[in-house]
Amino acid sequence: MISIRLRRFLAGSALSLGLAAALSGCMLGPNFHSPRAATPTAFLNDSPSGSAPYVSGDAIDPQWWTSFNDPLLTKLEAMAVQQNFDLQIATQRLIEAEAQAQIEGAQLYPNLNANASYSRNRISGDSPTGQFGAAFPEVLQPYNLYQYGLQTMFDLDLWGKNKRAVEAAVAAARASDEARRAALLNVEAQIASNYIQLRGTEAVLSITQKNLQYANQLVQLTAERQQAGLTTSLDVANARATAAQISSQIPTLIAQRDALINQIGLLLGQTPDGLPQELVEAAPVPLTPPVVPVGLPSTLLTRRPDVREALDNLHSATAEIGVAKAAFFPDVTLTGSVSFQALQGDMLDKWKAVTYGFGPNLTLPLFEGGQLRGQLKLNEAKQQESAISYAKTVVTAFTQVNTALVTYEQEHATQDALTADVQQSQIALGLAEEQYKEGLVDYLTVLNTQQTYLAAQQNQAVSLQKLGTDLVTLYQALGGGWEGAYPAK
């Protein structure tokens, strides 16, 4: 959705372009036509049945983060839209681009200036006029000169140089608007990704702390069995080593948690003390929805802001070729002025005080030392570069979506396998404990099953976190989310 200010400006620019084209000559240079991009009929699907179980072709919800059903995440997204520094910078760049387009658009209209002046003058006696005035002493006397009037100038723009410049500037303003949308989508994705990672880190930290308590209980149990002569000091040392190894993971996890909180604060434009209290309180990892709408491949190119930005950049570069070609031809400007000029102020309203002038000015480039040809060659090269960049952006868009889809779907399979791993590891640990108490196995068996269970729990929590961040990556690749609210300009 184009901003209201930009939409109004583009409408005015289109009107001025049409009026100027009707009043003046032709427009040199190629007219822009959107290139056709090859669009696949379907996104890549790695499932044997040919239908993805976790995605659908339904339209994407612009506020896709609400699919995680996490009120705090929704709150953080709203705060980021209003407070993020990158979005504020992108907004100012859009305003700058709109102002530049307005400056270029002014060339399509005549300018009109009013002027007024007063001067006290005296002719030099050594000048030719002064020497002639020796016979007429009054000529050498100081005199006052009063003047006011109007001046106007209008470039006929016979070859469309100004119109192409406006076309290029308007396209550049559109590209800046798309860049702002891309920045908005990127901020939304970063907020969601960092938030999910934060909750995932908290989950791993909680699992590790619980396992540390369990490990300490085993240390106490082993020590009691040693005192009863049921085991050796080796088992006690192994139990204490396992507890220490688990404990060593906790400081790193705390550091990761705090770093993610600080990163979210930066995205919100807030210092840590200004963050919502709910953010620093542990909460579960947001769950992904059963089915994710991904839209159709045919709509991807119109939905992704980076593709739209690349297209507008190509449009701007194409129009600049016309500017360079028009510079080879004569430039005709109409000028006119009318003013009142008198030696006495009370004579300025008399008809005989009127002075005027009007007529065309013709400027023809004869020798520029190769500058005009070099500028044309430069603009043509930039246009080709923009065309290649657009083609690359299109291919990149489909590649990123396909990669994100496969990654997201396969992580579901990983999550299912890890869930079974946790269940079986928990059963194995319970059996090992019972057999150890009955003296059927040594303590090393208990330690191995305990470490396996801890690793399985941690891997499951990390996979759940990755499932969420993979979905965020998929939404970003699909270009969803920029249609929402904008920060005020």
Side-chain angles (χ1 to χ4, degrees), residues 3 62-97 176-209 247-288 305-306 458 461-462 464-473 475-476 480-489:
S3 65
Q63 295 184 332
W64 48 265
W65 52 87
T66 59
S67 64
F68 289 100
N69 293 316
D70 191 308
L72 179 56
L73 175 57
T74 301
K75 178 180 178 180
L76 294 176
E77 294 286 2
M79 292 175 63
V81 168
Q82 298 298 325
Q83 301 171 189
N84 181 263
F85 292 127
D86 290 334
L87 281 183
Q88 295 178 37
I89 293 172
T91 298
Q92 294 306 311
R93 287 175 178 168
L94 173 58
I95 295 174
E96 293 168 9
S176 183
D177 194 35
E178 299 299 342
R180 181 170 177 250
R181 291 167 172 167
L184 177 61
L185 176 57
N186 185 55
V187 168
E188 291 170 342
Q190 287 189 67
I191 284 288
S193 181
N194 280 276
Y195 178 77
I196 294 171
Q197 289 181 62
L198 170 63
R199 295 315 188 197
T201 301
E202 290 174 344
V204 175
L205 176 61
S206 176
I207 291 170
T208 306
Q209 289 173 334
S247 179
S248 68
Q249 301 177 31
I250 293 177
T252 301
L253 292 170
I254 292 176
Q256 291 177 359
R257 178 197 64 188
D258 294 347
L260 288 166
I261 292 175
N262 289 331
Q263 181 62 28
I264 293 173
L266 177 60
L267 291 170
L268 297 178
Q270 293 276 356
T271 55
D273 56 345
L275 295 175
Q277 181 61 33
E278 311 98 286
L279 186 63
V280 297
E281 297 174 354
V285 179
L287 299 179
T288 58
D306 59 336
Q458 291 178 333
V462 171
L464 186 62
Q465 166 197 307
K466 189 174 183 301
L467 193 63
T469 56
D470 285 347
L471 180 55
V472 173
T473 302
Y475 274 125
Q476 187 174 14
W482 54 259
E483 301 95 331
Y486 282 96
K489 287 195 291 181

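All residue numbers in this chain count up from 1 along the given sequence. Computation of the quantities below employed the complete heavy-atom set of this structure, encompassing side-chain atoms and omitting hydrogens, waters and symmetry-equivalent molecules. Given the structure is predicted, the values throughout are model-derived calculations rather than measurements.
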Shortest non-hydrogen contact from [X] toward [Y]:
{"X": "Ile191", "Y": "Ala80", "value": "CG1-CB, 3.8 Å"}
{"X": "Gln476", "Y": "Leu185", "value": "O-CD2, 3.7 Å"}
{"X": "Trp64", "Y": "Glu188", "value": "CH2-O, 3.9 Å"}
{"X": "Gln63", "Y": "Thr66", "value": "O-OG1, 2.7 Å"}
{"X": "Val285", "Y": "Ala203", "value": "CG2-CB, 4.2 Å"}

Query raised in the report: Does the Asn262 side chain pair with the main chain of Asp258, one donor and one acceptor, at a distance under 3.5 Å?
Result: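 Answer holds: yes.
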Query raised in the report: Any donor and acceptor pair, going by atom type alone, linking the side chain of Gln88 with main-chain N or O of Gln83 inside 3.5 Å?
Result: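 At least one qualifying donor-acceptor pair exists.
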Query raised in the report: Do Glu178 and Arg181 meet the salt-bridge criterion of a basic N to acidic O distance under 4.0 Å?
Result: yes
Requested in this report: State which residues pass side-chain hydrogen bond (donor to acceptor under 3.5 Å, both in side chains) with Asp86; sequence neighbours excluded, sorted by chain then number.
Outcome: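 Listed in chain order: nothing, the list is empty.
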What distance do [X] atom [atom1] and [Y] atom [atom2] have between them, rounded to the nearest 0.5 Å?
{"X": "Asp177", "Y": "Thr91", "atom1": "CG", "atom2": "OG1", "answer": "9.5 Å"}
{"X": "Ile264", "Y": "Leu260", "atom1": "CD1", "atom2": "CG", "answer": "6.5 Å"}
{"X": "Leu87", "Y": "Leu184", "atom1": "CG", "atom2": "CG", "answer": "5.5 Å"}
{"X": "Leu73", "Y": "Ile196", "atom1": "CG", "atom2": "CD1", "answer": "6.5 Å"}

Can you find a pair of side-chain heavy atoms, one from [X] and one from [Y], that are under 4.5 Å apart?
{"X": "Asn194", "Y": "Ile261", "answer": "no"}
{"X": "Arg180", "Y": "Arg93", "answer": "no"}
{"X": "Thr288", "Y": "Phe68", "answer": "yes"}
{"X": "Tyr195", "Y": "Asp70", "answer": "yes"}

Query raised in the report: After noting the C-alpha distance and the side-chain angles of Arg257 and Leu253, does the key distance pass the side-chain contact (heavy atoms from CB on, under 4.5 Å) rule?
Result: CA-CA 6 Å; Arg257 178 197 64 188; Leu253 292 170; over 6 Å; no
Query raised in the report: Under 3.5 Å, is there a donor-acceptor pair linking the side chains of Gln197 and Gln263?
Result: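 Side chains of Gln197 and Gln263: no pair found under 3.5 Å.
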Side-chain donor/acceptor pairs under 3.5 Å, residues 266-283, sequence neighbours excluded:
unit_1 : atom_1 : unit_2 : atom_2 : d
Thr271 : OG1    : Asp273 : OD1    : 2.4
Glu278 : OE2    : Lys75  : NZ     : 3.4

Could you pull out every donor-acceptor pair under 3.5 Å between side chains of residues 466-473 and any protein atom, sequence neighbours left out?
unit_1 : atom_1 : unit_2 : atom_2 : d
Lys466 : NZ     : Glu411 : OE1    : 3.4
Lys466 : NZ     : Asp470 : OD1    : 3.4
Lys466 : NZ     : Asp470 : OD2    : 3.0
Thr469 : OG1    : Gln465 : O      : 3.4
Thr469 : OG1    : Lys466 : O      : 3.1
Thr473 : OG1    : Thr469 : O      : 3.0

